Amino acid sequence: MTFGTSGPPAVVANVVDMNEESASRPVIVGVDGSEFSSAALRYAGTLAARFGARLEVITCIGMPDYLVVSSLESSEHPLTAGLEDTARRLVEDALGRAFTGDRPTAIDVTVRFGAPGKVLVEESKRAQLLVVGRHGEGGFPGTSMGSVSKACAARSACPVVLVGQEPDSV
């Protein structure tokens, strides 16, 4: 179930009971630098604060980029560091757009190599909630979900919130 961008985010998957164990797990948000991921980041920050949880921002460096770099002489190649620096800069830009005032204090940023859908589904195993934008830069106009949000909605180990570009307030 999804809603238009003017409606509330869609919660996909069964909601689990909040207990001490789930309260100690992070709210994870996937960020790709798009406006959709900035909206998801803003929404995830609000939810993490309400749950008293850490906010973990995960951005992924896709497999084509990784395969090129991994074929070079060592994993510590300058291109690997360059890809990570670029990914962190995109996350920093998204944080700036998402939180124009006070930024959450309990926030971690992780850069992972791999397909975003696969990485986020794997990371969902340790999260109490996964938040993703409905479209990334690769989304097709007129579609309700992109490939990453579809993968997360279908296979996540925790509840998933899909956020449009301008979500309603939490």
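Count residues from 1 along the sequence. We use all heavy atoms of the structure for the numbers below, so side chains are in, but hydrogens, waters and symmetry mates are not. All of these numbers come straight from a predicted model, not from anything done at the bench.
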For this session: State, with a plain yes or no, whether a side-chain heavy atom of Ile107 is found less than 4.5 Å away from one of Leu95.
Result: yes
Exercise. Do you reckon Leu83 sits in the same ILVMFWY cluster as Leu90, going by side-chain contacts under 4.5 Å, direct or chained?
Worked result: no
Seminar exercise, completed: Between Gly133 and Ala40, the two heavy atoms sitting closest are N-CB, 3.6 Å
Exercise. Out of Val31, Ile58, Thr86, which one pairs with Val91 under the side chain to side chain contact (heavy atoms under 4.5 Å, CB included) rule?
Worked result: Val31
For this session: Report the distance from atom CZ of Phe99 to atom OG1 of Thr46, rounding to the nearest 0.5 Å.
Result: 6.5 Å
For this session: Can you see which heavy atom on Ala48 is nearest to which on Leu55, and at what distance?
Result: CB-CB, 4.1 Å
Seminar exercise, completed: CZ of Arg42 to CG of Leu47, rounded to nearest 0.5 Å, is 12.5 Å
For this session: Compare every heavy atom of Arg103 with every heavy atom of Gly96, then report the nearest pair and how far apart it is.
Result: N-NH2, 4.0 Å
Exercise. With no hydrogens and no angle check, is any side-chain donor or acceptor of Ser156 less than 3.5 Å from a backbone partner on Ala153?
Worked result: no
Exercise. Between atom SG of Cys152 and atom CZ of Arg134, what is the distance when rounded to the nearest 0.5 Å?
Worked result: 14.0 Å
Exercise. Taking the side chain as C-beta and beyond, is there a heavy-atom pair between Ile61 and Val111 under 4.5 Å?
Worked result: yes
Seminar exercise, completed: All heavy atoms of Ala39 vs all of Gly164, minimum pair found to be CB-O, 3.4 Å
Exercise. Only one of Val161, Leu41, Thr59 clears side chain to side chain contact (heavy atoms under 4.5 Å, CB included) with Val29; which?
Worked result: Leu41
Problem set entry | Separation of Leu120 CG from Cys60 SG (nearest 0.5 Å) | 5.0 Å
Seminar exercise, completed: Scanning both residues in full, the closest heavy-atom pair of Gly45 with Pro104 reads CA-CG, 4.5 Å
Exercise. Between Glu92 and Arg97, does at least one N-O distance fall below 4.0 Å, as a salt bridge requires?
Worked result: no
Exercise. Are Glu56 and Arg126 ion-paired here, with the side-chain N under 4.0 Å from a carboxylate O?
Worked result: yes
Seminar exercise, completed: On a heavy-atom basis, the closest approach of Gly30 and Ser37 is O-CB, 3.9 Å
For this session: Check whether any side-chain heavy atom of Arg54 lies under 4.5 Å from a side-chain heavy atom of Val27, and answer yes or no.
Result: no
For this session: Consider only side-chain heavy atoms of I, L, V, M, F, W and Y, link residues closer than 4.5 Å, and tell whether Leu130 and Val119 are in one cluster.
Result: yes
